[in-house]
Amino acid sequence: PTVWLSNGGHLIREQDRQSFATLRGRTVRDGGGIEADVPLVSQRAGPVERQLSEADVFFAFARELALQGRLPTPAPDGASPPPFAVDRSLLGEFEQFAAAR
């Protein structure tokens with residue numbers, strides 16, 4: 001059985017975890033720390049991706065997009081922003097940005 005370690009150092013069995021709703025209706029569970037809404041399968045980064053990540057190129061490019069107002073932001077009422085899609089044009093911009101760094 002899956003067992004979690006709580007903040008107090010106590011072991012909690014999966015079936016003993018409690019669910020709670022946030023003010024916006026999102027379900028969260030105790031005893032397991034922060035959990036992703038959508039679990040992802042971890043993949044190993046290749047050498048180019050590692051170099052770009054270590055040099056903060058991804059972050060710097062995202063920052064530039066944000067400063068230009070090109071990233072979706074949540075609505076004032078807290079609604080989720082629209083999905084963000086990467087197309088060939090944006091990929092080309094990223095490649096130029098990365099090459100210049």
Side-chain angles (χ1 to χ4, degrees):
T2 302
V3 177
W4 301 86
L5 188 63
S6 73
N7 267 351
H10 304 285
L11 296 179
I12 301 173
R13 296 178 305 170
E14 181 67 29
Q15 62 266 27
D16 293 335
R17 294 179 68 196
Q18 296 181 25
S19 295
F20 304 90
T22 66
L23 294 176
R24 295 189 186 267
R26 182 172 172 263
T27 301
V28 294
R29 300 182 67 205
D30 69 352
I34 299 171
E35 298 176 8
D37 290 333
V38 179
L40 300 175
V41 176
S42 179
Q43 297 179 355
R44 288 188 172 257
V48 173
E49 186 179 353
R50 279 196 304 274
Q51 282 182 321
L52 291 170
S53 182
E54 289 169 3
D56 284 332
V57 177
F58 296 119
F59 178 79
F61 185 69
R63 183 177 182 274
E64 288 299 315
L65 291 179
L67 290 172
Q68 296 168 12
R70 295 173 57 195
L71 292 180
T73 57
D77 66 358
S80 296
F84 181 73
V86 176
D87 57 18
R88 291 194 182 277
S89 174
L90 187 61
L91 182 57
E93 287 182 55
F94 175 74
E95 289 171 345
Q96 289 178 349
F97 181 85
R101 291 184 66 89

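Source: prediction; values computed, not measured. All values below come from the heavy atoms of this structure, side chains included, with hydrogens, waters and symmetry mates left out. We count residues from 1, following the sequence as given.
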* Would you kindly confirm whether F59 and L90 end up in one hydrophobic cluster when ILVMFWY residues are joined by side chain heavy atoms under 4.5 Å apart? => no

* What pair of heavy atoms forms the shortest contact from R101 to A55, and how long is it? -> NH2-O, 4.4 Å

* Would you indicate whether the side-chain heavy atoms of F84 and L65 approach each other to under 4.5 Å? => yes

* To do: Starting at CZ of R44, measure out to CD of E49 and round the result to the nearest 0.5 Å.
  => 12.5 Å

* **Heavy-atom pair with the smallest gap, counting every atom of S53 and F58** => N-CE1, 3.8 Å

* From F94 CZ over to E64 CD, what is the distance, rounded to the nearest 0.5 angstrom? -> 12.5 Å

* Structure fact -> d(D56 CG, R63 CZ) to nearest 0.5 Å is 11.5 Å

* Mind checking whether F97 and L67 sit in one hydrophobic cluster, side chains of I, L, V, M, F, W, Y counted as touching below 4.5 Å? -> no

* Would you find more than 12 non-hydrogen atoms of other residues, nucleotides or ligands less than 6.0 Å from Q68 atom CD? -> yes

* Structure fact -> In terms of heavy-atom contacts, A62 and L71 come closest through O-CD1, 3.5 Å

* Nearest heavy atoms of R24 and D77, plus distance in Å -> NH1-O, 3.3 Å

